Structures are given as structure tokens and as C-alpha cells.
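As C-alpha cells, the structure follows; a few thoughts come after it.
Keep in mind the model is a prediction, meaning the values are calculated, not measured.
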Amino acid sequence: MSAPWIGPAELEAGARELATGCLAISEADRVLVLTDAATAPLAEYLERASAALAPTRLLVLPSLDDAYDEAFARIEAGIVEDRPSVVLFAARDADDRLAWDGRYWELLDGIGARSAQLPALDAPSLGIGLATDYAEVARFTEAVTSCVAGVRRVRVANALGTDIVFDCDPARPWTPFTGIYRRPGEGGRLPQGETFCSPVNANGTIAASVIGYPFNAATGLLAEPARFEISGGRLVGLSHPDPVLAERLTAWFERDEHAARIGELAFGTNRACTALTGNLLFDENVPGCHIAIGHPFGDYTGAEWESGVHVDLVVDRPTIHVDDRLLIERGAYADPELD
């Protein structure tokens with residue numbers, strides 16, 4: 001299957017949906033778009049869509065990958081000077097440092113800004129993942145959340161070797177991320193579309209075709225999946241044909257006491273995203289699932305432990321059963337009642 005054509009019209013449509021559907025930018029807003037030289041050609045679509053609705057400034061930063069402290073100082077100065085009500089971050093950040101930098105969120109909270117995080121923004125993320133009806137993304141995400149709320153057992157399998165069973169506690173909620181950030185202080189990644197929980201146990205094998213931050217920029221879509229062996233909810237074995245990658249991954253999951261625990265199970269719900277690209281920003285929204293090892297985001301999930309590690313593992317075209325009910329078959333939702 002050939003890749004969908006993504007041209008200026010598609011990129012403009014994605015930028016408009018972000019501005020109007022996701023963030024509801026209006027003339028009462030002030031918008032600050034943060035970008036870098038590499039991402040600026042795409043960020044300019046965001047600038048134009050926002051500028052049609054509200055005063056907007058595009059601020060080009062030094063590379064966060066090469067000069068993080070300098071880039072952060074420019075971000076801080078821009079926010080303090082503009083006091084924007086909407087902040088769009090669209091720049092490369094291979095280690096996802098800004099999303100984990102509490103100082104950034106304190107700046108946004110201090111002015112009540114709503115925000116969108118678009119690290120590693122690329123053409124599919126803007127021209128496919130965002131160029132869709134986010135009212136429908138929100139509706140479908142809520143429907144999937146209702147469908148899986150209270151489940152006790154989830155099995156995920158695929159043709160590449162994934163076969164893992166999760167035990168879920170009905171008392172732990174599933175949280176929908178719909179991509180709708182319209183109230184002061186709201187924000188998150190875009191494109192979006194997922195619902196997630198923190199399971200209480202897991203046993204089996206994950207064959208990951210895409211590995212999240214901080215590995216994603218270097219690994220992309222793997223020709224051969226990395227295999228993660230899980231027992232008792234913890235990583236107990238890891239392999240990949242590239243021994244250097246396997247060694248890096250193994251060391252990463254030894255960084256703290258809970259770094260090797262299964263922290264998150266998530267189902268992608270953005271049906272505009274139909275196939276993995278290798279960019280986590282896009283791929284975690286593809287119908288199917290991603291599984292995170294490490295931090296469980298307990299504020300959402302109710303898990304009572306923490307880790308400085310959080311690595312998403314994306315499973316390609318999985319079949320998923322929830323309490324023996326077929327939810328997803330080879331990467332497509334199977335239940336017509338969700339429509």
C-alpha cells in the first residue's frame with residue numbers, strides 16, 4: 001500500500017484543526033509558537049492558522065538536542081514577555097526533555113496557558129494525524145474508554161511475536177486523551193487519540209516495532225522488532241538483532257527501582273492514523289496498542305509508585321481481547337457498536 005499523499009492542503013487542514021478543533025483559538029487569545037530551524041517549515045503552517053484567529057508570534061529556538069539550556073532560556077523569556085494564552089511547542093526534542101521539565105509546566109501554569117506539545121512534528125503527524133475531525137476523535141475515544149472500563153483481563157497478540165496478558169484492576173480508571181484542550185491550563189500532545197490504564201500485572205512477550213523516547217529518534221520503525229519478556233509485571237529479558245541497541249535498552253531499564261515495571265497499557269483511538277511510521281508522536285495514536293515500561297502516571301491511573309523512566313513500546317497491527325471480547329483485530333476496531 002502506498003503512503004497517503006501529504007501536500008500543502010493536508011498540512012493546512014491539520015493546522016486549522018489544531019487551531020480551531022483542538023484548541024479553539026479565538027481573537028481573545030495570544031499565541032506563541034515555539035519551533036527550531038529544522039521544524040520551522042511545518043511550524044509556519046501552525047503560525048498561519050493561529051494568526052488567522054489571534055495575535056501570534058513564531059519564536060525560532062536553538063536546537064533542544066544540542067543546546068537545551070540555551071533553548072529553555074529562550075522559551076522562558078518568550079513566555080514571560082508575551083504572556084500567551086496558548087503555547088504551541090513544535091521542535092525536535094529527541095530526549096523529550098521539555099515534557100519532563102517541571103519548570104516549563106510551572107511557566108504555563110503561572111499564566112493559565114493551554115498548550116500543545118508536538119515534538120518531532122513531521123508531515124504525517126500534521127497532515128494526517130491532525131487533519132481529521134477531533135470532535136469525532138473525542139467521541140470515539142470516549143466510546144472505547146466506556147467499552148474497556150472495568151475489564152479485568154486484556155490479551156494482546158500479533159504476527160510478529162507479541163503475546164501478552166495483562167491483569168487490570170477495575171478500580172483503576174481508564175483515562176481518555178482526546179486532543180481537546182480548550183480550557184485554561186489544559187494541554188497535551190498532538191496529534192492525539194488514546195485511552196490508557198496502569199495494569200496490576202502482566203505476563204508474556206512484547207514484540208515492539210517502535211520504541212519511544214529517548215530511543216525513538218534513532219530507531220524509528222524497526223525492521224525487526226525488539227522483544228521484551230515480561231513476568232510478574234516486570235521486564236525479565238530483552239533481545240534485538242542489534243546488540244548495541246539491546247545493551248542500551250537493558251541499561252535504561254535498570255535506572256531505578258521501578259524502571260522495569262509495566263506502567264501503562266494504552267489503546268490508540270485516532271482512526272485517521274492507519275499505519276505505523278516510526279514517529280512515536282504519530283504512532284501511539286494508531287488503532288492498536290502501546291505499552292509503557294516505567295512511570296505509570298499515577299495521577300491518572302491510580303498506581304502508587306513512580307519511576308524516572310517511561311518508554312512506550314508500540315505493537316504493530318495487534319489483535320486485542322478484553323475479558324474474552326474481541327476489541328481490535330489486526331489493528332482495526334472490531335465492534336460496530338462503538339460507531
Only one of Y213, F228, F215 clears ring-ring contact (aromatic ring centres under 6.0 Å, His included) with W252; which?
F215
We want to know whether T277 and D283 form a side-chain donor-acceptor pair, criterion being a heavy-atom distance below 3.5 angstrom.
yes
Indicate if V33 and I25 have the same hydrophobic cluster label, given that clusters are the connected sets of ILVMFWY residues with side-chain heavy-atom separations under 4.5 angstrom.
yes
Separation between CG of L118 and CZ of R92, rounded to the nearest 0.5 Å:
14.5 Å
Provide the closest heavy-atom pair for A259 versus F253 in the form atom of the first, atom of the second, distance.
O-CD2, 3.4 Å
When you measure from the side chain of S231 to the backbone of V236, do you find a donor-acceptor pair of N or O atoms at a distance under 3.5 Å?
no
Please check if the side chain of T132 supplies one atom and the backbone of A272 the other of a donor-acceptor pair under 3.5 Å.
no
Quick check: is V137 connected to V148 through a chain of hydrophobic side chains (ILVMFWY, heavy atoms under 4.5 Å apart)?
no
On the ring face of Y181, is R183 found with NZ or CZ under 6.0 Å from the centre and within 45° of the axis?
no
side-chain hydrogen bond (donor to acceptor under 3.5 Å, both in side chains) assessment of Y45 paired with E10
CA-CA 10 Å; Y45 284 92; E10 288 74 23; over 6 Å; no
With no hydrogens and no angle check, is any side-chain donor or acceptor of T56 less than 3.5 Å from a backbone partner on A54?
yes
Measure the CD1-CD distance between I180 and Q192 for me, rounded to the nearest 0.5 Å.
10.0 Å
Would you indicate whether the side-chain heavy atoms of P170 and V151 approach each other to under 4.5 Å?
no
Flag side-chain contact, heavy atom, 4.5 Å: L222 against H240
yes
Do other residues, nucleotides or ligands put more than 12 heavy atoms under 6.0 Å from the CD atom of E186?
yes
Heavy-atom closest pair (H321 atom, T319 atom, distance to 0.1 Å) is CE1-CG2, 3.9 Å
Side-chain donor/acceptor of N285 to backbone N/O of G193, under 3.5 Å:
yes
Beyond-backbone contact of D82 with R57, side-chain heavy atoms, under 4.5 angstrom
yes
same_hphob_cluster(V309, L313) at 4.5 Å side-chain heavy-atom cutoff:
yes
With heavy-atom distances below 4.5 Å as the criterion, would you say the side chains of S209 and L160 are in contact?
yes
Full working for side chain to side chain contact (heavy atoms under 4.5 Å, CB included) between F89 and L64:
CA-CA 11 Å; F89 172 79; L64 276 78; 3.7 Å; yes
Which atom names give the shortest non-hydrogen contact between A43 and L58, and what distance separates them?
CB-CD1, 4.1 Å
State the CG-CD1 distance between L265 and I291, to the nearest 0.5 angstrom.
6.0 Å
D324 with R155: basic N within carboxylate O range, under 4.0 Å:
no
Provide the closest heavy-atom pair for E224 versus P241 in the form atom of the first, atom of the second, distance.
CB-CG, 3.9 Å
Please determine, by modelled atom types, if T205 and E229 share a side-chain donor-acceptor pair under 3.5 angstrom.
yes
Test item: side-chain donor near acceptor, H310 and E264, under 3.5 Å:
yes
Is there a donor-acceptor contact under 3.5 Å from the side chain of W174 to the main chain of A266?
no
Would you kindly say whether D29 and S85 are connected by a side-chain donor-acceptor distance under 3.5 Å?
yes
Roughly how far apart are L126 CG and L46 CG, rounded to 0.5 Å?
6.0 Å
Taking only Lys NZ, Arg NE, NH1 and NH2, and the carboxylate oxygens of Asp or Glu, determine whether R139 and E136 approach each other closer than 4.0 Å.
yes
Quick check: does any side chain N or O of N279 sit under 3.5 Å from a backbone N or O of A120, one acting as donor and the other as acceptor?
yes
Side chain proximity check, L130 to C22, heavy atoms < 4.5 angstrom
yes
Which value, rounded to the nearest 0.5 Å, describes the distance between E47 atom CD and E44 atom CD?
6.5 Å
In plain terms, say whether D69 and R74 are close enough for a salt bridge, that is, a side-chain N and a carboxylate O under 4.0 Å apart.
no
For Y68, does the six-membered ring have the charged nitrogen or CZ of R97 within the cation-pi criterion, i.e. under 6.0 angstrom from the centroid and within 45° of the normal?
yes
Is there a salt bridge (Lys or Arg N to Asp or Glu O under 4.0 Å) between R330 and D316 once you walk through the steps?
CA-CA 8 Å; R330 294 190 295 276; D316 190 19; over 6 Å; no
Strictly below 4.0 Å, N to O, side chains only: are D169 and R152 in salt-bridge contact?
no
Quick one: do the T195 and T145 side chains pair a donor with an acceptor below 3.5 Å?
yes
Do Y300 and S198 pass the side chain to side chain contact (heavy atoms under 4.5 Å, CB included) test, and can you show the C-alpha distance, the side-chain angles, and the key distance before you say yes or no?
CA-CA 9 Å; Y300 295 103; S198 184; over 6 Å; no
Grouping I, L, V, M, F, W and Y whenever their side-chain heavy atoms are under 4.5 Å apart, do I128 and Y134 come out in a common cluster?
yes
If we only count heavy atoms from C-beta on, is the C289 to I320 side-chain gap below 4.5 Å?
yes
Separation of I111 CD1 from R114 CZ (nearest 0.5 Å)
11.5 Å
Give me the atom names and distance for the closest heavy-atom approach of D312 to A292.
OD1-CB, 3.5 Å
In this structure, which one of V165, I206, N201, N203 forms a side chain to side chain contact (heavy atoms under 4.5 Å, CB included) with I230?
I206
R317 atom CZ: more than 12 heavy-atom contacts under 6.0 Å
no
Does any part of the side chain of T178, heavy atoms only, come nearer than 4.5 Å to the side chain of F140, both counted from C-beta?
no
State whether F72 and R103 meet the cation-pi test: NZ (Lys) or CZ (Arg) under 6.0 Å from the six-membered ring centroid, and within 45° of the perpendicular axis.
yes
Please report the C-alpha distance between D256 and S307 in whole Å, then the side-chain angles of each, then the deciding distance to 0.1 Å, and finally whether the side-chain hydrogen bond (donor to acceptor under 3.5 Å, both in side chains) criterion is met.
CA-CA 7 Å; D256 62 47; S307 173; 3.0 Å; yes
Applying the side chain to side chain contact (heavy atoms under 4.5 Å, CB included) criterion to I211, which one of V311, V314, N216 satisfies it?
V311
Please confirm whether the backbone N or O of V315 pairs with a side-chain atom of N158, one donor and one acceptor, at under 3.5 Å?
no
Apply side chain to side chain contact (heavy atoms under 4.5 Å, CB included) to C168 and R153, showing your working.
CA-CA 6 Å; C168 300; R153 184 177 186 272; over 6 Å; no
Tell me the closest heavy-atom pair linking L121 and L42, and the distance in Å.
O-CD1, 3.6 Å
Of F166, F177, F297, F267, the residue whose pairing with F196 passes ring-ring contact (aromatic ring centres under 6.0 Å, His included):
F177
Any side-chain heavy-atom pair from H258 and E306 closer than 4.5 angstrom?
no
Treating Ile, Leu, Val, Met, Phe, Trp and Tyr as nodes and any side-chain heavy-atom pair under 4.5 angstrom as an edge, say whether L23 and L59 lie in one connected cluster.
no
